[in-house]
Amino acid sequence: MKMQFIPTDYDYFDFQGRNYTLVYGRDDKGKRVCLVDSCEVFLWAILNEDISKEKIDSLIEKIKKIKLDLKGRNTRVEKVELHSMNFLNNPVKALKIFATNYKDLQDIAENLGFKEIEKRRGYDIGYITHYIIEKKVEPLKWYEINGEILNNSQEFGGIDMGLDVELCLKLENANPIKKEEFTPKVLAYDIETDDLKIGKGEILMLSLAGTDGTKKVLTWKGDKNKKKPEYVEFVEDEAELIEKFIENVRKISPDFLIGYFSDGFDLPYLKARAEKHNIKLTLSLDDSQPKFSRGVMLSAKTKGIVHIDILRFIRTAYAQYMKSETLTLNDVASEFLGDQKKKFDIADNLGGKMNWEKFYEYNLHDSVLTLNLFEKFWPDMVEFSKVVNEPLGDLSRAGLSKYVESYILHNLKKFKEIPEKRPGHNEIGGRREERSVEGAFVLEPKPGFYEDLVVFDFTSMHTSIIISMNISKETLSEKNVGGAKIKVGANEYYFSKKKGFIPELLNELFERRKKFKEEYKKNPNVFTKARSNAFKVLSASVHGYIGFFGARYYSKESSASILAFVRQFNKEAIEKIEKAGFEVIFGDTDSVGFIRGKKSKTEIKDFLKKINSELPGIMEMELEGFFRRGLWVSKRSGKAGAKKKYAMIDEEGNLKIRGFETVRRDWCFLAREVQNNVINMILEDGNEKRAMEYLKKIIKKIKNREVSKGDLLIRTQLKKEIADYIAQGPHVIAAKKMKEQEIPIEQGGLISYYIAEDKSGKKGKRLVRERVMLAHEEGDYDIGYYLNNQILPAVENIFEVFGIDIGKFFETKGQKTLGDF
DNA sequence: GGATAGCTGTTACC
DNA sequence: ACCGGTAACAGCTATCC
């Protein structure tokens with residue numbers, strides 16, 4: 001039969017020793033469909049150079065005889081073919097060795113210890129990835145398929161009977177078709193418990209929110225007889241709650257089951273409680289339970305109904321561009337949805353005072369937010385999945401290096417490239433021990449207050465260097481062969497003229513990004529934006545990938561060369577701009593800022609054109625902007641200009657503040673606000689007068705204790721386990737206090753505290769940490785601390801630029817008192 | 001016992 | 001272990017005299 005079909009998830013099973021793929025998805029009517037398919041499995045044996053035809057033939061015969069009886073499976077080499085291929089850009093002769101079962105490729109590789117074979121490759125990319133590459137049935141793309149309906153078929157051991165789908169087909173062929181965007185069926189869930197430790201507490205309630213309109217809270221807590229909102233469904237106990245949850249999920253059968261931090265909390269918690277009650281957590285379409293795996297983070301994967309922890313996708317693909325200070329559901333929802341969690345503090349509701357109605361509402365809203373976040377990010381997830389060609393379940397848990405690597409692996413065929421192997425444990429260890437490469441160049445700025453500035457920066461600098469200079473593992477050459485060359489410390493590295501497939505693929509990504517950016521401008525919507533963004537993120541990650549120790553195509557030399565070029569081009573740009581008579585104020589990695597002087601904007605733009613005409617390949621600088629004024633301060637210690645700290649105002653009055661305490665979350669809100677206002681006033685007015693008056697008022701307010709405690713809280717992240725700290729800084733002490741008071745805090749959490757007046761009467765120097773108070777603790781804030789350690793340090797270097805010594809004005813430690821103000 | 005250099009730790013920039 | 005080098009800076013801690 002014929003139908004339109006879109007794959008959402010992949011799995012595989014063995015039958016009579018062979019691998020079969022299960023492709024879960026939907027037809028165009030929204031029916032649940034599963035395809036059964038198969039593909040040839042093989043690995044590559046790369047031959048040494050100059051082996052005679054006879055030798056190869058006899059080698060093939062030997063390999064054909066390989067039979068293994070392992071793990072209760074008989075596997076054998078089924079055929080062997082000789083191919084002309086490429087490996088790392090070099091032509092090679094290679095044997096394509098076909099086997100019965102993908103899982104045995106590794107063992108076959110180990111049995112290929114023939115002296116004619118130089119390398120064995122292509123047995124470690126995973127069956128699903130291998131299948132997608134071979135059969136081109138790619139995730140989240142529409143196909144017109146032909147297949148034979150399986151109905152309790154014995155052909156694959158009756159596999160179709162065990163699958164909870166409406167239709168199961170044996171795939172005959174699949175042809176890609178153009179079709180409108182797919183809208184998946186989605187269900188979000190969230191649990192509330194009485195203890196955050198997995199396995200310790202009980203699940204009090206569980207909420208569901210779905211694209212089908214589902215809004216439900218399952219609970220066994222609260223007054224059973226009291227009238228409740230209609231979304232609340234009462235159950236007998238925790239066991240029934242879990243059973244009902246499974247029942248709901250299976251009945252709704254969403255393509256994606258979504259949680260927020262659910263890999264690390266909700267699903268493991270449910271698993272622990274289900275085990276306690278002897279319930280099987282059959283959330284997969286094949287009735288299996290979630291598979292938990294431990295990497296750096298716990299993962300909880302299901303089949304057919306794909307479990308996705310949306311937090312993990314956000315962390316990989318979005319966190320670097322976000323304003324939110326933490327990745328809590330509340331912060332992320334605020335930033336992307338303009339919505340927040342319902343206010344509810346479990347601690348206030350303990351004992352008999354529990355307001356269950358409010359709790360249900362809170363619980364439901366968390367699922368609603370999670371669902372909304374998924375819908376918000378769906379266009380991006382689809383694009384990443386389509387570009388990278390990996391199913392969303394895996395991709396949503398992967399890092400950017402995996403995105404890049406998958407993109408490469410799925411595109412090797414057109415270069416006839418045999419895939420490089422994954423580095424082994426020892427290899428990774430070795431790579432990690434290597435000395436780190438030198439990074440970008442940062443120019444020391446001249447502290448001061450400047451007018452009429454211009455900023456140029458290189459467009460996608462690292463990316464355009466890789467492409468223009470043809471830098472990659474496979475283009476690195478022993479000798480100078482006429483391609484790019486670069487000095488890195490005492491070494492000199494050479495790259496081939498022949499295009500490498502990684503620079504080539506990156507160029508393709510880069511071009512497509514340009515095209516999709518244009519398309520987005522012409523037709524702005526969430527999908528065109530997401531497409532443009534996916535290519536942007538991916539192309540910007542290739543340099544990081546090349547220097548990542550876990551990468552197949554890791555190349556230290558390439559990474560060092562790219563960065564050496566980054567320094568070289570930036571320094572050359574600075575020199576060129578200075579030679580043209582401009583005073584350069586700052587430069588960092590890919591940017592240069594200078595004073596426009598008497599030159600007109602047109603002249604500046606012409607100057608930029610000239611610079612660009614002299615840059616090689618696709619390298620290009622662009623005008624970041626014209627700025628009316630800019631401020632650079634000196635370092636706190638010494639006279640040197642502080643790098644990575646500046647503030648500028650453009651001609652429309654927009655501020656660009658970098659590095660200052662204003663943008664740092666580990667300073668109290670008041671210090672950040674005051675500094676921000678001071679910078680603002682100075683940049684707007686062109687002098688410090690108004691800012692000075694403002695500062696006087698603030699200092700008076702602090703002195704008179706008119707500042708609310710909330711503005712004085714210092715927030716610092718707890719980056720390690722409390723016990724792992726060597727230095728007992730204020731935030732560590734605050735975290736210990738929280739532990740004592742049984743306030744939940746764990747690694748990664750934000751600690752809020754303020755510094756209180758010292759009332760102990762002890763003599764001698766007191767440490768800051770001895771005066772740490774948690775937000776809710778009573779105490780008077782320490783006026784001296786907030787003046788000398790927060791407000792004044794935040795502004796003194798700014799006023800110094802105007803020749804004003806704030807320390808003299810507001811001396812607090814010396815003879816002068818604050819009373820004057 | 002005080003000064004200070006150096007270390008630990010966090011956060012930002014690109 | 002899932003991009004990482006460059007940088008500023010606070011506050012603690014070791015070390016010196």
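Labels below follow one simple rule: chain letters A, B, ... track the order of the sequence lines, proteins then strands, and each chain is numbered from 1. Quick note: numbers below take in every heavy atom, side chains included, and nothing from hydrogens, waters or symmetry partners.
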### Task
Answer yes or no: does a side-chain N or O of A/Ser436 lie under 4.0 Å from OP1 or OP2 of C/dG5?
yes
### Query
To the nearest angstrom, how far is A/Ile733 atom CD1 from C/dC12 atom P?
9 Å
### Nearest-angstrom distance from the residue atom CG of A/Leu298 to C1' of C/dA1
16 Å
### Message
Tell me the interatomic distance from A/Arg567, atom CZ, to C/dT6, atom C1', rounded to whole angstroms.
### Response
11 Å
## Note on the structure
When rounded to whole Å, the NZ to P distance for the pair A/Lys635 and C/dA8 reads 4 Å
For residues 290-300 of chain A, tabulate all N or O donor-acceptor pairs below 3.5 Å that involve a side-chain atom, not counting sequence neighbours.
from: A/Ser299; atom 1: OG; to: A/Arg312; atom 2: NH1; distance (Å): 2.9

### Query
Counting just side-chain N and O atoms, does A/Asn789 come under 4.0 Å of either OP1 or OP2 of C/dG11?
yes
### Query
Between A/Pro793 and A/Val437, which is nearer to the 5' end of DNA chain C once each is assigned its nearest nucleotide?
A/Val437
### Query
Atom CE of A/Met297 and atom P of C/dC2: how far apart are they, to the nearest Å?
8 Å
### Message
Taking any heavy-atom pair under 4.0 Å as a contact, classify A/Phe458: base, sugar-phosphate, or nothing.
### Response
nothing
#### Entry: Whole angstrom value for the distance that separates P of C/dG5 from CZ of A/Phe548
13 Å
#### Entry: Nearest-angstrom distance from the residue atom CZ of A/Phe313 to P of C/dC2
19 Å
### Message
Just N and O in the side chain of A/His731: are any of them under 4.0 Å from OP1 or OP2 of B/dG9?
### Response
no
Nucleotide N/O to protein N/O under 3.5 Å, stretch nucleotides 11-14 of chain B:
from: B/dT11; atom 1: OP1; to: A/Arg665; atom 2: NE; distance (Å): 2.9
from: B/dT11; atom 1: OP1; to: A/Arg665; atom 2: NH2; distance (Å): 3.1
from: B/dT11; atom 1: OP1; to: A/Gln717; atom 2: N; distance (Å): 2.9
from: B/dT11; atom 1: OP2; to: A/Arg665; atom 2: NH2; distance (Å): 3.3
from: B/dT11; atom 1: OP2; to: A/Gln717; atom 2: OE1; distance (Å): 3.2
from: B/dT11; atom 1: O4'; to: A/Arg664; atom 2: NH2; distance (Å): 3.2
from: B/dT11; atom 1: O2; to: A/Arg664; atom 2: NH1; distance (Å): 3.0
from: B/dA12; atom 1: OP1; to: A/Val663; atom 2: O; distance (Å): 2.9
from: B/dA12; atom 1: OP1; to: A/Arg665; atom 2: N; distance (Å): 3.3
from: B/dC13; atom 1: OP1; to: A/Gly659; atom 2: N; distance (Å): 2.7
from: B/dC13; atom 1: O2; to: A/Lys644; atom 2: NZ; distance (Å): 3.0
from: B/dC14; atom 1: OP1; to: A/Tyr646; atom 2: OH; distance (Å): 2.9
from: B/dC14; atom 1: O3'; to: A/Asp590; atom 2: OD1; distance (Å): 2.7

### Message
Return whichever of A/Val442 or A/Tyr545 has its heavy-atom-nearest nucleotide of DNA chain C closer to the 5' end.
### Response
A/Tyr545
### Message
Do the side chains of A/Arg636 and A/Glu800 get close enough for a salt bridge, i.e. N-O under 4.0 angstrom?
### Response
no
#### Entry: Salt bridge flag under 4.0 Å for residues A/Lys644 and A/Asp588
yes
### Query
Closest heavy-atom contact between A/Ala564 and A/Lys487?
CB-O, 3.9 Å
Could you tabulate the donor-acceptor pairs under 3.5 Å formed by side-chain atoms of residues 426-442 of chain A, not counting sequence neighbours?
from: A/Arg431; atom 1: NH1; to: A/Phe549; atom 2: O; distance (Å): 2.7
from: A/Arg431; atom 1: NH1; to: A/Ala551; atom 2: O; distance (Å): 2.8
from: A/Glu434; atom 1: OE2; to: A/Tyr554; atom 2: OH; distance (Å): 3.2

### Message
Below the 4.0 Å mark, does C/dG11 have OP1 or OP2 next to a side-chain nitrogen or oxygen of A/Tyr725?
### Response
no
### Message
I'd like to know if the side chain of A/Arg552 and the backbone of A/Glu405 have a donor-acceptor N/O pair within less than 3.5 Å.
### Response
no
### Task
Could you tell me whether the phosphate oxygens of C/dC2, OP1 or OP2, come under 4.0 Å of any side-chain nitrogen or oxygen in A/Lys402?
no
### Query
Under the 6.0 Å and 45° cation-pi test, does A/Lys720 pair with A/Tyr725?
yes
#### Entry: Protein-nucleotide distance (A/Arg771, atom CZ; C/dG11, atom C1'), rounded to Å
11 Å
